[in-house]
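Since we're looking at a predicted model, the values are computed, not measured. All chains are named by letter (A, B, ...) in the order of the sequence lines, taking the proteins before the strands, and each is independently numbered beginning at 1.
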Amino acid sequence: MGRIVRWGLGLLLAAGVLLAGLLLLPIGEWLPGGTVGDVPSAQVVNGTAFNALFPEAGPGEQLVYTQEKRGFSEARLKQGDSTLALLAISDTTTAPEAREKFAASSERIQGWPLVEQGPQASALLVAERFQVKVIGQGAGLDPAQRHELLDAFDLSGLADLQAPALPAKGAR
Amino acid sequence: MSATVLERLERLPRRNLTVLALKGIGTLVPGGWQNITSADALIAEVMGSEDPALIAQVRARADVLSRARHEGYGRALSLYDAVNRSQRAGGGLRLLANVGGAVPLLRRVADLTPTSDTLQAADLGLKVAAELLAFTQVNGLPGDSFGDFAAALADYGSEARVRMAALVCFDALLPLGDQALARLDELLGMVAQKDLRQLPAYAGMASLIPGRGEAAHLSFIRRGVDTWLGWAGGLVSGLGLSGQKAVQALETTLGPWQGRFDQMATFLDVFTDTYRHTGTQAVARRLVQRAAAEI
């Protein structure tokens, strides 16, 4: 009798420790899935593919690449020591909500919808997937200058990028 | 891993010794230094807009990005944390050695503590290596060529000039003297593998440094320092930095200092977190620049 009780208690204790371990340990941290929005990185275009599509720097200007990650590449347009604008191409696979703002857009550049975000940022959605953005820095750029920069990106090259298929709608 | 980058930015102190020391060094750099501790203000500056809805969107995106482990923003911060802990521990030992020399019982501790220039050089090397590693964690490998990468590094440095000036002054010019940059390579050559192991930060960073074993890590650190030296030399000559000037600049905010330069360096090591403070701000700025482009 005593033995059964001892065994029972032991098993209960072991189960309790196991349960507590599962609940309390940060197991989520150790599992794969540390990607943005938990989208598998194979579905996101690598930022390297975007680099060649940035506009050429004008005379006296300089294009410096600053960030390159999966689904994102950013450069700054500099004149001497001052930064004129941030230029970026991103894959909206990890941020589907970013596509929504283009539904209401009426302006277009090379046929792609254009949206203004505040006084210094202009964004373009290419092939319903890639967002091209120009953000004026410091003294800022006026909208016409920003649109000119957007137009200078290799937009047709971007639209033709061999992109991994988007996940089916509603899957995420 | 729990706090996001922007939360950590907002927890930074607004006024303490760290901030005062950085303000002092900031007087040496054109444009000075601003202690940015408000995420909203940082976002508004990058976006050029005060629209609260837009700021909230950028912030939400930045939090998503900094929670994704593979993106490296959190990893960069833990690198800075490791270096900061090491700096405090090393500085504490040196402080003890300075005080302990006068107390008979503590004299043995003083004899044991590594106060040598070699160890200081290894500490600086580790900081520069941490800087390079954090750069690749935060920015990836920008551009298609090595030239692009070097340009990106230089650009990052000029965005954080006060950070770099503080690193040069606090960890090279003050403890090692004005010829520190010229001597650094020679000093690093004398760093033995066991010296590296004595640095607390090394244990935290070892897994992130490319190569296997201490010899490989040491050679990575030396190559990293070589890359950095050219740039840092330009900064020093461009701003005319020296130990003397650094102390004078610090005196404007911290008050008069009558000790030796290396004592000043020890004091700063123990009582300030300049490396982590400016590091958090630099990572937050890069993160916001990305989030602003992705919303």
Side-chain angles (χ1 to χ4, degrees), chain A residues 26 28-39 41 46-49 51-52 54 62-76 78 81 83 85-92 94-95 97-98 101 116-121 123 131-141, chain B residues 1-2 30-31 43-55 57-58 60-75 135-145 147-156 158-159 161 285-295:
Chain A
E29 297 242 327
W30 306 330
L31 291 177
T35 49
V36 185
D38 280 331
V39 176
S41 53
N46 203 345
T48 316
N51 285 341
F54 278 80
Q62 219 190 335
L63 190 72
V64 181
Y65 292 96
T66 52
Q67 278 197 66
E68 181 187 315
K69 294 282 185 70
R70 215 157 234 291
F72 181 75
S73 183
E74 188 166 55
R76 1 171 124 198
K78 298 182 79 172
D81 266 350
T83 305
L86 299 177
L87 314 178
I89 304 180
S90 60
D91 186 345
T92 57
T94 61
E97 64 279 2
K101 61 181 178 288
E116 303 291 330
Q117 291 181 302
Q120 281 303 330
Q131 179 168 224
V132 184
K133 195 172 280 189
V134 173
I135 307 175
Q137 297 287 293
L141 300 174
Chain B
M1 274 326 235
S2 47
I43 295 170
E45 188 199 323
V46 170
M47 280 298 275
S49 160
E50 302 281 341
D51 181 3
L54 215 51
I55 290 175
Q57 269 184 48
V58 175
R61 182 68 187 162
D63 286 347
V64 168
L65 288 172
S66 67
R67 268 192 220 105
R69 276 170 295 122
H70 292 188
E71 291 303 309
Y73 298 103
R75 230 176 271 156
F135 175 84
T136 55
Q137 289 294 330
V138 170
N139 301 300
L141 299 170
D144 292 330
S145 65
D148 283 346
F149 180 69
L153 253 180
D155 181 65
Y156 187 64
S158 58
E159 186 176 78
R161 275 168 90 102
R285 181 173 285 271
R286 282 293 157 114
L287 175 65
V288 164
Q289 285 173 354
R290 172 165 179 197
E294 284 197 343
I295 58 155

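The candidate from A:N51, A:T48, A:L63 with the greatest count of non-hydrogen atom pairs under 4.5 Å with chain B is A:N51. Ranked by heavy-atom pairs shorter than 4.5 Å toward chain A, the options B:E50, B:M47, B:R61, B:Q57 are led by B:R61.
For a residue to count as touching a neighbouring chain, one of its non-hydrogen atoms must lie under 4.5 Å from one of that chain's; by this rule B:I295 touches chain A with backbone and side chain alike. A:T83 does not touch chain B: none of its heavy atoms, backbone or side chain, sits under 4.5 Å away. In this structure, chain B has a heavy atom under 4.5 Å from the backbone of A:R70, while its side chain stays farther away. For B:A53, no part lies under 4.5 angstrom from a heavy atom of chain A.
Partners of A:K101 according to the salt bridge (Lys or Arg N to Asp or Glu O under 4.0 Å) rule, which considers only residues two or more places apart in sequence or in another chain, do not exist here. Residues meeting the side-chain hydrogen bond (donor to acceptor under 3.5 Å, both in side chains) test with A:Q117, sequence neighbours left out: A:K133.
A donor-acceptor pair under 3.5 Å is formed between the side chain of A:K69 and the backbone N or O of B:Q137.
Distance check, rounded to the nearest 0.5 Å: CD of A:Q137 to CD of B:E45 gives 7.5 Å.
At least one test fails for A:K78 against the ring of A:Y65: distance under 6.0 Å to the centre or angle within 45° of the axis.
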